[in-house]
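Note that ligands are numbered from 1 as they come in the structure, with each ligand's atoms numbered from 1 the same way.
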Amino acid sequence: MEGKAWHQLGEEQLLETLGSDGRIGLTHEEAAKRLQEQGPNELAEKDGESPLKLLLNQFKDFMVLVLLGATVISGLLGEMLDALTIVAIILINGILGFYQEYRAERSLRALKELSAPSAKVIRGGEYTQVPARDLVAGDVVLLESGDRVPADLRLIVCNECSIDESALTGESVPSTKEAKPIASSEIPLGDRKNCGYLGTMVTRGTAKGIVTVTGMQTEMGKIADLIQQTEVADTPLQHRLEQLGKILIVVSIILTVVVVLAGILHGQPIYEMFLAGVSLAVAAIPEGLPAIVTIALALGVQRMIKRRAIVRKLPSVETLGCASVICSDKTGTLTQNKMTVTQLWLGGRTIEVTGEGYEPVGMLKEDGKGIDPKGDTTLRRLTQIAALCNNAELAQQEINEEAKKRKAGKGENAQADSSEWKIKGDPTEGALLVLATKTGTSKSTLHNLYTREKEFPFDAERKRMSVLVSHQGGRMVCAKGAPDLLIGQCTYVLWGGQVVPFTPTLKSKVMSANESMAKNSLRVLGMAYRDVKSHETCDNGAQAENGLIFVGLTGMMDPPRKEVKEAIYKCRQAGIKTVMITGDHGTTAEAIAQALGIMVRGSRVVTGSELSGMSDEQLEKIADDVQVYARVSPEHKLRIVQALQRRGHVVAMTGDGVNDAPAVKAADIGIAMGITGTDVTKEASALVLSDDNFSSIVAAVEEGRGIYENIRKFIRYLLASNVGEIMTMFLAMMAGFPLPLVPIQILWVNLVTDGLPAMALGVDQAESDLMQHKPRPAKENIFARRLGWKIISRGILIGICTLGAFILALKAGEGQSQQLVHAQTVAFATLVMAQLIHVFDCRSSRSIFHRRLLENKFLVLAVLSSLLLMIAVLYIEPLQPVFKTVPLDFRDWALVIVAAGIPTFAMGFGSVLGSSKRRRKGSKITYGGNTASPRLAR
Ligand code: ATP
């Protein structure tokens with residue numbers, strides 16, 4: 001570089017230094033070779049907690065340490081077998097806890113990797129997207145508004161490009177970029193107008209740059225240590241559960257102390273009572289709860305990925321279940337984003353275009369008769385604008401074997417069609433290219449005749465795009481965009497082959513043609529052009545798009561996604577309102593909203609200009625009744641979110657463009673598009689849809705509800721089990737009975753019942769009516785909807801029944817040598833069985849009779865293995881002295897099963913009776929301020 005900095009080099013010298021080519025980029029082989037040499041384009045990340053530390057953490061718990069201490073003492077006092085067994089149980093418990101936490105951490109890490117950024121590059125002359133970590137020096141990178149700059153770049157083309165470099169320079173005003181070299185060597189980063197830096201954000205325009213350095217060599221890499229790595233924060237529920245855990249520890253310890261004191265007062269040996277008390281405390285403290293919550297969240301999130309929704313912020317999983325409004329973009333989310341131009345309107349003439357998809361085969365018909373585009377100057381002008389003011393590419397691609405089979409399956413001629421037509425870039429522009437090719441106007445021929453000098457890129461605010469091209473005869477501006485806005489820039493119109501003044505009468509003719517195309521669900525774009533005088537400056541969009549000549553309208557079909565109608569119906573049943581927010585025309589939006597079933601009786605369409613004239617209070621008043629917002633600008637979206645939130649809604653909002661980011665951030669659940677979304681919006685979002693599809697949002701809401709209910713299920717199970725254990729001991733001590741369970745049995749119950757069955761509940765299938773009731777309130781207590789009552793009532797019943805079985809066995813065995821050991825074995829078996837039966841009850845918000853018993857295979861396996869572990873300590877002779885058990889006979893088992901079944905089945909019958917009474921009364925759900933019966937909502 002002869003001592004020159006990157007910003008000083010001219011394009012040629014830069015490319016020579018980096019061994020690259022601005023047009024075709026690096027070859028794939030060269031890029032792979034450089035990646036080997038230079039290493040990945042990544043910032044070094046701090047390591048997470050080591051597995052060993054995670055394992056040791058399991059034994060840090062205060063009560064576990066007390067138990068270990070007590071065990072050591074009992075070992076020293078001669079109870080060696082007891083001591084070893086207790087240590088073994090504590091170890092197994094610790095390993096189980098470690099496994100749960102390790103798995104939780106790994107799943108979270110995998111999630112982080114999924115949202116890794118990508119970069120748009122030209123390699124081997126082809127446009128492609130690669131993971132940002134694979135970029136190497138010399139790569140040609142394309143940037144557009146909303147992208148995060150993927151490495152340090154020297155820019156060689158800039159189209160109205162601004163980059164927000166505040167992350168690096170602290171300067172909040174985005175820096176306007178220019179490609180020309182800068183002479184001075186020592187200038188601050190913020191003034192290097194021809195460079196782009198890793199991690200900064202493109203806020204406007206487009207650019208092309210060459211990668212200069214990657215990874216830790218970048219400017220961001222130099223300060224990487226200063227940048228906080230984003231930590232995976234606890235969700236509010238995890239936080240609340242942590243606090244609950246602390247309360248439960250205190251309560252468990254108090255109750256344990258009471259149990260111990262009562263036992264001692266009734267003459268039990270102090271040492272034995274102490275050990276039993278500590279064991280009880282260890283068993284009763286639900287130490288596995290946080291890990292199981294994380295696993296349930298992480299596994300749920302993985303299920304969501306399969307349903308094409310990637311969660312970026314774990315807390316949103318909880319919020320998803322509370323969503324009461326989903327605000328969705330139209331194009332690409334509710335519709336397929338597969339555009340085909342089907343109609344043209346040129347100065348009073350309507351022309352139909354035949355053909356489907358991107359294959360450029362079709363006819364143009366006027367009044368039912370085919371027309372020859374070649375002789376039609378207005379039509380040629382329109383297609384010329386369509387092709388020149390266009391960044392998409394149309395190409396024929398070989399299709400793979402699988403796609404061939406799919407085609408053959410559909411009955412299409414797979415032999416003849418070994419390739420298919422694809423577009424790269426914006427589908428709207430792709431459709432216009434297809435139209436141009438159908439009329440014989442090829443983009444490549446045009447590009448030989450016209451050189452693009454400047455582009456004034458499309459943005460959601462102006463709703464148009466234009467280019468300045470030069471040709472042999474001079475210069476010309478070609479513009480396309482939303483007709484209602486574009487005609488404001490036009491002073492002339494091409495009518496009957498003549499350029500005439502664009503009078504109000506002619507304008508209203510254009511607008512009514514636009515309206516009638518929109519009524520047929522067509523997305524309409526207007527086309528205009530003008531010649532530019534040689535001395536005229538054309539530096540910005542405002543100068544270029546002034547005094548244009550209007551040419552005509554193109555109407556394109558974008559069919560609704562097939563699965564969306566069903567998803568919207570599902571939302572309605574679930575008490576969730578769907579709102580369409582689109583940049584498209586009101587009539588087009590309304591027609592599509594009707595077809596999808598979004599519009600309900602009494603709902604309204606509000607346009608962006610109406611919104612601009614409304615105060616926030618006025619908007620809030622009507623927000624519940626509006627189902628479609630059309631021709632909105634991104635900043636309107638923020639107002640809509642806030643108005644809905646003020647009305648008490650939990651709002652999910654989609655966005656793709658850079659300007660959508662504030663609204664996506666402000667929403668309770670910000671959703672970005674995985675395919676068409678910009679990096680800025682993705683980073684502001686909580687959820688990314690990998691297929692841009694509305695129905696994936698509904699799937700995520702469904703999963704969100706399911707995960708929350710599963711968390712409630714195992715909280716219910718774990719806490720009711722613990723209440724049962726404490727109650728058994730507490731009631732026995734208060735009533736002056738001997739210990740119904742010895743310490744090792746208590747620990748064993750805890751081990752076999754808490755771990756696996758609780759984890760299996762975390763992945764339980766959702767109840768069938770999950771999406772048939774209103775969303776739960778965001779601030780709902782985890783114990784709401786009678787969960788607290790269920791925990792206490794089932795827990796006390798389990799305690800009473802276990803003690804009952806113990807007393808009966810004690811009485812029946814009077815005078816026998818093994819009387820107490822036998823009764824304790826009965827109590828032990830009853831407690832385990834009661835919990836293993838109760839776990840099935842926890843699957844339903846109503847009762848055990850409302851779910852299919854064997855549906856959750858994991859649970860069945862978990863219960864069977866717990867059962868086997870219990871049977872092992874009863875019937876394997878060497879284990880009997882360790883666990884202080886004796887084998888039970890048939891009569892004992894009858895007692896155990898009856899006593900263990902009572903808590904679940906007695907409450908189950910009660911609930912069945914209760915729910916049949918409620919059914920007779922009928923139920924309704926409310927949403928959007930209206931009361932609607934789910935059956936009638938369609
Ligand atoms: P949604 O917000 O639901 O995705 P949308 O894609 O129609 O809807 P925008 O992309 O903001 O919203 O487009 C708004 C309008 O801008 C369109 O109705 C169209 O008239 C015009 N438009 C869209 N794409 C282009 C483009 N590439 N060039 C010029 N004008 C465009």
Side-chain angles (χ1 to χ4, degrees), residues 144-146 206 327-339 341 385-392 423 425-433 455-467 477-489 511 514-515 517-518 521-528 541 545 548 553-558 560-561 564 578-593 596 598 607-608 628-637 640 653-660 663-664 671-673 675-678 681 689 692-694:
E144 58 184 327
S145 120
T206 57
C327 296
S328 171
D329 285 343
K330 171 180 72 68
T331 311
T333 314
L334 295 167
T335 66
Q336 297 179 14
N337 212 2
K338 283 195 185 135
M339 314 267 179
V341 177
I385 300 169
L388 283 174
C389 185
N390 200 314
N391 288 325
I423 57 134
D426 179 5
T428 302
E429 297 190 349
L432 292 173
L433 270 194
E455 176 189 333
F456 306 104
F458 171 77
D459 70 57
E461 209 66 53
R462 284 160 56 237
K463 296 192 174 34
R464 60 178 172 268
M465 159 193 179
S466 57
V467 292
V477 170
C478 295
K480 68 180 196 314
D484 34 336
L485 302 173
L486 188 67
I487 58 168
Q489 308 299 120
M511 285 328 292
N514 178 29
E515 195 66 23
M517 283 164 103
S521 308
L522 295 183
R523 176 179 173 85
V524 192
L525 254 76
M527 305 282 155
E545 298 157 356
L548 295 168
L553 302 171
T554 56
M556 49 191 87
M557 196 63 209
D558 178 17
R561 286 181 184 267
V564 164
T578 311
V579 178
M580 176 195 279
I581 304 185
T582 177
D584 213 342
H585 191 269
T587 314
T588 311
E590 189 175 348
I592 291 180
L596 287 172
I598 291 179
T607 63
V628 175
Y629 292 92
R631 275 286 185 258
V632 292
S633 302
E635 78 268 17
H636 290 139
K637 284 191 169 183
I640 297 168
M653 160 79 84
T654 68
D656 45 17
V658 55
N659 301 332
D660 290 341
V664 166
I671 304 169
M673 299 298 137
I675 305 170
T676 56
T678 54
T681 323
L689 304 180
D692 292 10
N693 190 336
F694 176 84

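Ligand 1 has no N or O atom lying under 3.5 Å from any N or O atom of Leu525, backbone or side chain. In terms of N/O distances under 3.5 Å, ligand 1 is approached by Thr582.
Taking every heavy atom of Glu429 and a limit of under 4.0 angstrom, the matching atoms of ligand 1 come to 27 (N). Atoms of ligand 1 found under 4.0 Å from any heavy atom of Lys330, numbered from 1 in the order shown, are 1 (P), 3 (O). Atoms of ligand 1 found under 4.0 Å from any heavy atom of Val524, numbered from 1 in the order shown, are 20 (O). Under a 4.0 Å criterion applied to the non-hydrogen atoms of Lys480, ligand 1 contributes the atoms 26 (C), 27 (N), 28 (N), 29 (C), 30 (N). Near Ala482, meaning under 4.0 Å from any of its heavy atoms, are these atoms of ligand 1: 20 (O), 21 (C).
Shortest non-hydrogen contact noted between Val524 and Ala518 is CG2-N, 4.2 Å.
Here atom 15 (C) of ligand 1 lies nearest to Arg631 when heavy atoms of Met673, Met339, Arg631, His585 are compared.
Closest protein heavy atom to atom 9 (P) of ligand 1: Phe458 CZ, 4.1 Å. Arg523 NH2, 3.7 Å is the protein heavy atom nearest to atom 24 (N) of ligand 1.
In this structure the side chain of Met580 never reaches within 4.5 angstrom of the side chain of Glu590, judged on heavy atoms.
Heavy atoms of Asp426 found under 4.0 angstrom from ligand 1 belong exclusively to the side chain.
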